[in-house]
Amino acid sequence: GGVMDEKFVSRQNLNFLLFEVFETDKLSQYEYFSEFNKDTLDMVLRTAYVMAERMMRPYLREMDKTPPVYKDGEVYVNPAVKEFISKCGEIGFIAAPFPVEDGGQQLPRTIVAACNYMFSAANYSLSVYPGLTSGAANLVLNFGSKELKDYYLPKMFSGEWQGTMALTEPEAGSSLSDIKTKAIRTEEGFFKIKGQKIFISAGTHNAVDNVIHLMLARIEGAPAGVKGISLFVVPKLRGDGKGGLEPNDLFCGGIEHKLGYRGSPITQLHMGENGDCRGWLVGEENLGLNYMFRMMNEERINVGIGATGIASAAYYDSLKYATERKQGRPLENKDPESPQCEIIEHTDVKRMLLFQRAVTEGSLSLALQVSHYLDRMSICSAEEKEKYDLLTEFLTPIVKSYPSEKGILSTSAGLQILGGYGFCEDFNLELYYRDARIHPIHEGTTGIQGQDILGRKATMKKGEALKLFIRETVSCIDEAKNYPELSPCADKLSEAINTFAKTSEALIAHGSQGKREEFLSDATLYLEMAGTVAIAWQWLLQGIKSVKGLEKNDELFFKNFYSAKIHTMKYFFRYELPAVDTLAKILTDGEYLTTGVSADIFID
């Protein structure tokens with residue numbers, strides 16, 4: 001069949017998570033979300049699915065094969081881009097999660113996340129354009145002056161203007177404290193910007209009328225390091241004072257040729273080559289990095305959702321192949337004359353499909369869990385707000401990196417199911433595999449997420465965020481113990497969370513002796529351990545809802561659905577959760593092989 005009728009997400013699984021596990025429709029009983037009852041939410045999700053299926057999925061291969069073209073400072077993208085961004089603007093999707101008084105719809109973030117998941121699964125490269133604009137608009141909305149908001153937000157929300165976050169520079173990749181782009185004071189209400197940025201997603205393209213960069217720069221005379229970085233709005237075209245636009249001395253010097261994720265340009269920008277690039281300060285001087293990081297959580301959650309979407313599309317493509325491709329016979333069958341069986345009958349293929357499913361549906365569940373916490377923060381008391389804020393802080397590095405890292409392995413398993421065809425361009429699997437490789441890198445590499453969770457999140461507020469995560473997991477375990485079918489898994493998670501708590505304590509105690517490098521040397525392994533526990537918690541939550549679903553449903557479709565959920569949960573607990581013990585051993589054995597070692601050992 002054509003691309004149109006091929007499954008890339010499960011609507012059933014999405015409904016299960018949204019309405020059974022997280023009960024998103026119940027938010028409508030609160031004033032803030034009162035517009036969004038179950039029917040309205042269904043309509044939003046249906047609209048997003050139809051867009052994904054008709055406006056995005058058909059251009060997946062084409063946007064990969066013919067990536068954007070750079071010519072004389074302009075970037076030309078596939079016509080599907082303009083159509084999609086305009087549609088997102090028209091239905092209010094770019095502004096959807098923002099408050100009504102700011103031009104938004106107050107759509108629950110859990111639903112925004114679900115839509116982004118469908119968009120990513122359909123065509124990741126295409127999905128990022130409106131998302132980037134939302135992220136940039138969020139900064140203007142939260143920290144910009146009234147003038148900036150009034151001038152920029154309507155055109156960004158409508159999709160006429162693209163937004164970007166311009167952080168990275170040639171000499172300062174992940175190390176943002178080393179940013180060199182200069183902002184020079186003037187008497188005219190703006191700053192003159194001079195410098196260079198690289199790797200700016202959608203930094204310029206012909207599908208919009210203007211591009212608005214939310215850019216980090218250092219005001220002349222500002223303190224060194226993180227303390228001296230400010231945030232500016234730097235448009236590609238600036239207002240000319242007569243209602244029109246004029247060039248702002250901002251030039252795109254080229255685009256990168258990428259492994260995957262090719263449908264969206266990554267650009268190099270040169271500001272102020274003629275001394276007239278103007279930037280407008282957002283918020284207060286020298287607080288730029290602070291502002292950027294307050295918004296970064298949402299960008300990191302989006303990365304995890306994007307990674308999960310690609311893993312989902314890969315799962316459904318490899319599942320389809322496994323049910324159609326005939327090869328070999330079951331091991332019990334000795335008759336060479338008998339017909340060959342579909343490869344889904346082979347145990348190792350089932351193992352690979354279960355792995356994909358366990359990773360994808362577990363990751364999606366965690367991303368929706370964190371989005372659910374963000375929604376609770378819009379409607380709860382101040383005391384509860386701190387709880388949800390700390391849980392979000394702790395889980396964000398996991399939501400960003402678990403789907404990113406395991407999504408690559410999951411997509412790789414999908415490619416393996418296709419055998420030789422998986423390695424060829426006839427099928428989408430090789431495309432997904434290349435697209436997926438960006439996620440451990442952008443918005444803070446896995447290594448940085450590791451430093452973040454162990455160096456900051458596990459110790460913040462005297463360890464309160466870590467305690468809250470453990471408490472949430474334990475209360476799920478306690479509930480699961482009431483169901484005989486779930487109690488073996490509940491016991492396993494109980495052991496794992498204890499191991500995790502003990503390991504955390506041991507590491508933090510070691511860190512408090514001032515050996516910072518030793519303390520953080522294996523932070524990435526700690527992050528993997530935390531991720532494994534967090535996904536197990538999400539599977540147990542899904543297990544509880546599935547057991548309850550089986551009790552009240554006799555329909556065959558639902559019986560199969562819930563039983564498959566429980567089976568996949570058991571897969572995760574048997575095959576993935578045991579990693580916690582191994583990681584704990586490595587993390588606490590007191591042996592350090594990466595600290596205090598000369599770089600010479602690598603050179604021979």
Side-chain angles (χ1 to χ4, degrees), residues 3-4 43-64 66-69 74-98 100 102-105 107 111-138 140-141 149-165 200-214 235-237 239 243-245 252 255 261-267 302 306 309:
V3 171
M4 288 288 279
M43 197 177 72
V44 171
L45 292 164
R46 199 162 47 244
T47 303
Y49 179 76
V50 169
M51 285 169 69
E53 189 182 47
R54 297 186 189 163
M55 301 181 78
M56 302 183 76
R57 177 95 169 159
Y59 299 99
L60 176 70
R61 298 291 284 268
E62 190 184 312
M63 286 176 69
D64 178 67
T66 50
V69 173
E74 188 50 89
V75 174
Y76 299 89
V77 296
N78 192 295
V81 176
K82 188 175 182 67
E83 199 188 336
F84 179 63
I85 297 177
S86 303
K87 182 71 173 171
C88 285
E90 179 196 317
I91 64 172
F93 187 71
I94 297 171
F98 304 130
V100 168
D102 294 316
Q105 300 186 16
L107 182 65
I111 300 296
V112 175
C115 296
N116 282 330
Y117 161 71
M118 291 190 269
F119 290 167
S120 311
N123 184 336
Y124 179 67
S125 291
L126 185 50
S127 74
V128 300
Y129 291 89
L132 290 163
T133 303
S134 286
N138 204 1
V140 177
L141 194 67
K149 287 197 259 200
D150 290 348
Y151 184 71
Y152 288 103
L153 292 180
K155 290 270 198 284
M156 292 171 82
F157 288 163
S158 68
E160 293 165 84
W161 292 0
Q162 175 71 51
T164 82
M165 308 245 263
I200 308 307
S201 298
T204 190
H205 61 86
N206 68 326
V208 286
D209 303 333
N210 198 3
V211 182
I212 313 306
H213 302 287
L214 271 283
K236 173 180 165 181
L237 305 172
L245 295 170
C252 171
I255 56 178
Y261 172 36
R262 290 180 173 173
S264 168
I266 302 289
T267 60
N302 282 336

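The figures here come from the full heavy-atom set of this structure, side chains too, leaving out hydrogens, waters and symmetry mates. From a predicted model like this one, the values you see are computed outputs, not experimental measurements. Positions are given from 1 along the sequence.
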Would you give the length of the straight line joining atom [atom1] of [X] to atom [atom2] of [Y], rounded to the nearest 0.5 angstrom?
| X | Y | atom1 | atom2 | result |
| --- | --- | --- | --- | --- |
| Leu153 | Trp161 | CG | CH2 | 10.5 Å |
| Met118 | Leu45 | CE | CG | 5.0 Å |
| Thr66 | Asn78 | OG1 | CG | 6.0 Å |
| Thr164 | His213 | OG1 | NE2 | 5.0 Å |
| Leu141 | Lys149 | CG | NZ | 5.5 Å |
| Ile111 | Gln105 | CD1 | CD | 12.5 Å |

Fill in: Ile200 and Thr267: CA distance, side-chain angles, deciding distance, side chain to side chain contact (heavy atoms under 4.5 Å, CB included) verdict
CA-CA 5 Å; Ile200 308 307; Thr267 60; 3.6 Å; yes
So, using ring pair (Phe, Tyr, Trp, His ring centres under 6.0 Å) as the criterion, who are the partners of [X] when residues are at least two apart?
| X | answer |
| --- | --- |
| Tyr117 | none |
| Phe98 | Phe157 |
| His205 | Tyr129 |

For [X], check side-chain hydrogen bond (donor to acceptor under 3.5 Å, both in side chains) against everything at least two apart and list the hits.
| X | answer |
| --- | --- |
| Asn138 | Asn142, Glu298 |
| Thr133 | Gln162 |
| Ser134 | none |

Discussion item. Filter on side chain to side chain donor-acceptor pair (under 3.5 Å), then keep only pairs touching residues 82-92, sequence neighbours left out; what's left?
Written reply: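 Found none.
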Practice prompt. Using atom types as modelled and distance alone, determine if a side-chain donor or acceptor of Asn123 lies under 3.5 Å from a backbone N or O of Ala52.
Written response: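 No: the side chain of Asn123 does not pair with the backbone of Ala52.
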Fill in: Donor-acceptor pair, side chain of Ser120 and main chain of Gly309, under 3.5 angstrom
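No, the answer is negative, given that no donor and acceptor are paired below the 3.5 Å cut-off.
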With sequence neighbours left out, write down each residue that passes side-chain contact (heavy atoms from CB on, under 4.5 Å) with [X], or none if nothing qualifies.
| X | result |
| --- | --- |
| Pro235 | Tyr152, Asn210, Ile212, Val233, Arg238, Asn248, Trp280 |
| Ser158 | Glu160 |
| Pro97 | Arg109, Val112 |
| Asn302 | Asn116, Glu299, Ile305 |

A side-chain contact here means heavy atoms from C-beta on lying under 4.5 Å apart; do [X] and [Y] qualify?
| X | Y | value |
| --- | --- | --- |
| Ser201 | Val128 | no |
| Tyr59 | Phe84 | no |
| Cys115 | Val44 | yes |

Looking at [X] and [Y], what are the two nearest heavy atoms and their distance?
| X | Y | value |
| --- | --- | --- |
| Pro68 | Ser264 | CG-C, 4.3 Å |
| Ala80 | Leu126 | O-CD1, 4.1 Å |
| Ile94 | Gly159 | CD1-CA, 3.8 Å |
| Asp209 | Leu237 | O-CD1, 3.5 Å |
| Glu53 | Pro58 | O-CD, 3.2 Å |
| Val211 | Gly203 | CG1-O, 3.4 Å |

Discussion item. Can you tell me how the ring of Tyr124 sits relative to the ring of Tyr261, calling it parallel under 30°, perpendicular over 60° and tilted otherwise?
Written reply: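 Judged by the thresholds at 30° and 60°, the geometry between Tyr124 and Tyr261 is tilted.
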Fill in: Set of residues satisfying salt bridge (Lys or Arg N to Asp or Glu O under 4.0 Å) with respect to Glu74, sequence neighbours excluded
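Glu74 satisfies salt bridge (Lys or Arg N to Asp or Glu O under 4.0 Å) with Lys236 once adjacent residues are dropped.
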